[in-house]
Amino acid sequence: MIRRVLFLMAFPVILLQALWVVMRAQKLPEASGARTGSAGHGPPLRILIVGDSSAAGVGVDHLTDALPGQLEVRLAEHHLVSWKLVAKSGATAGSLLRMLDDVVDEPFDAAVIALGVNDSKNGVSERNWRRHYTALLNMLETRFGVTKICVSGLPPLGEFPLLPAPLRLVLGRRALQFDKILREFADERGSVTYVSLTFPMDHNAMASDGFHPGPLVYNAWAAQVAMALAQETSGLHADQ
């Protein structure tokens with residue numbers, strides 16, 4: 001009760017700060033480059049990467065420096081890896097479901113999901129977040145034949161340089177709640193592996209807008225995903 005009263009008292013400030021962030025935020029483009037790729041030698045490994053602006057490489061110039069390109073480099077050391085990217089800035093779990101409706105069915109061995117920031121900051125309820133994400137997991141397994149799904153956790157919004165207090169505190173708390181649900185999916189479903197995104201979020205690690213990942217974060221993120229896939233996929237040995 002007390003927490004709710006304090007939130008209502010702070011709401012006008014939070015709303016003004018949110019509008020200020022929207023006005024101040026630097027609009028960075030999605031990374032350039034082909035949204036499919038292949039490299040390496042060895043057993044084939046087909047990866048579907050789906051998500052929001054972070055999956056689309058916002059914060060770096062080219063996808064080679066983003067999650068898809070960095071992941072390709074690591075996986076190609078032991079596999080003939082092929083990947084496909086379906087991602088868009090501003091995507092939520094609900095909108096990504098609609099995007100995937102238009103994707104031609106094809107089989108993949110594993111999927112990597114990068115979602116949650118937009119759902120948490122846009123006011124999506126935890127109930128709808130769970131419902132949409134569950135539908136996404138089901139779609140990946142049934143339509144695309146995925147047997148291993150690497151779920152990227154939410155980044156620590158409470159540490160983002162761009163966000164002022166108390167807005168940073170509120171969004172940070174919501175991100176933690178949404179992240180907890182992702183951990184529950186990993187506990188409940190044998191096909192799902194959770195990857196934490198608790199990397200340093202200082203100005204040196206972030207993009208110039210103070211909100212999206214920079215090259216250092218994408219590099220560390222790809223290493224974590226490759227390691228998770230190495231543990232969950234037979235015969236895969238990721239470079240750490």
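- Scanning for side-chain contact (heavy atoms from CB on, under 4.5 Å) contacts around V73 gives an empty result, with sequence neighbours left out.
- Grouping the Ile, Leu, Val, Met, Phe, Trp and Tyr side chains by contacts below 4.5 angstrom, directly or via other members, places V103 with L136.
- Rounding to the nearest 0.5 angstrom, the gap separating the CG atom in L140 from the CD1 atom in I113 is 5.0 Å.
- Proximity of a side-chain donor or acceptor of R35 to a complementary backbone N or O of A87 within less than 3.5 Å is detected.
- Between A110 and L229, the shortest heavy-atom distance links the atoms CB-CD2, 4.0 Å.
- Listed by chain and residue number, R130 satisfy the side-chain hydrogen bond (donor to acceptor under 3.5 Å, both in side chains) test with E184 (two or more places apart in sequence, or in another chain).
- The minimum heavy-atom distance between L182 and G153, with the atom names listed, is CD1-CA, 4.0 Å.
- Hydrophobic clustering of Ile, Leu, Val, Met, Phe, Trp and Tyr side chains at less than 4.5 Å, counting indirect connections, unites M99 with I149.
- Linking ILVMFWY residues whenever their side-chain heavy atoms come closer than 4.5 Å, directly or via other members, places I181 and Y133 in the same cluster.
- For the pair E72 (side chain) and W83 (backbone), a donor-acceptor distance under 3.5 Å is absent.
- Under the rule for a side-chain contact (heavy atoms from CB on, under 4.5 Å), the partners of S125 that lie at least two apart in sequence or sit in another chain are R127, N128.
- Minimum heavy-atom separation, V124 to R174: O-NH2, 2.7 Å.
- When the side chains of ILVMFWY residues are joined at heavy-atom separations under 4.5 Å, either directly or via intervening members, L176 and V195 end up in two distinct hydrophobic clusters.
- Here E126 pairs with nothing under the side-chain hydrogen bond (donor to acceptor under 3.5 Å, both in side chains) rule; sequence neighbours left out.
- Taken to the nearest 0.5 Å, the CZ atom of R143 stands 10.0 Å off from the CD atom of E106.
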Output side-chain donor-acceptor pairs under 3.5 Å for residues 46-59, partner residues at least two apart or in another chain, one line each.
{"from": "R46", "atom 1": "NE", "to": "D109", "atom 2": "OD2", "distance (Å)": "3.1"}
{"from": "R46", "atom 1": "NH2", "to": "D109", "atom 2": "OD1", "distance (Å)": "2.9"}
{"from": "D52", "atom 1": "OD1", "to": "S54", "atom 2": "N", "distance (Å)": "3.1"}
{"from": "D52", "atom 1": "OD1", "to": "S54", "atom 2": "OG", "distance (Å)": "2.6"}
{"from": "S53", "atom 1": "OG", "to": "H212", "atom 2": "NE2", "distance (Å)": "2.9"}

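- Formation of a donor-acceptor pair under 3.5 Å by the D179 side chain with backbone atoms of L154 is found in this model.
- In this structure, Y218 and V60 approach most closely via the heavy-atom pair CD1-CG1, 3.8 Å.
- Judged purely by atom type and a 3.5 angstrom limit, S191 has no side-chain atom pairing as donor or acceptor with the backbone of K148.
- The shortest non-hydrogen separation linking L28 to A207 is CD1-CB, 3.9 Å.
- Between the side chain of T193 and the backbone N or O of A186 there is no donor-acceptor pair closer than 3.5 Å.
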**OP:** Apply side-chain contact (heavy atoms from CB on, under 4.5 Å) to M139 and L100, showing your working.
**Re:** CA-CA 9 Å; M139 178 184 286; L100 287 172; 3.5 Å; yes
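- Separating the CD atom in Q70 from the CG atom in L63 is a distance of 11.0 Å, to the nearest 0.5 Å.
- Note that CH2 of W221 and CG of L67 are 5.0 Å apart. Values are rounded to the nearest 0.5 Å.
- Put simply, the side chain of W129 gets close to the backbone of F178: a donor and an acceptor are under 3.5 Å apart.
- A donor-acceptor contact shorter than 3.5 Å links the side chain of H79 to the backbone of P43.
- Here the shortest heavy-atom pairing between L80 and G40 reads CD1-O, 3.3 Å.
- Note that CD of E188 and CG of L137 are 10.0 Å apart. Values are rounded to the nearest 0.5 Å.
- Looking only at distances, a side-chain donor or acceptor of N122 sits under 3.5 Å from a matching main-chain atom of N118.
- Between atom CG of residue L45 and atom OG of residue S82 there is a gap of 7.5 Å, rounded to the nearest 0.5 Å.
- The backbone N or O of M227 lies less than 3.5 Å from no partner atom in the side chain of R74, so there is not a single donor-acceptor pair.
- Considering only residues two or more places apart in sequence or on other chains, D65 meets the salt bridge (charged side-chain N to carboxylate O under 4.0 Å, His left out) condition with none of them.
- A donor-acceptor pair is defined here as one N or O able to donate and one able to accept, closer than 3.5 Å; no such pair exists between the side chain of S95 and the backbone of A91.
- Using a cutoff of 4.0 Å between basic side-chain nitrogens and carboxylate oxygens, D187 and R183 are not scored as salt-bridged.
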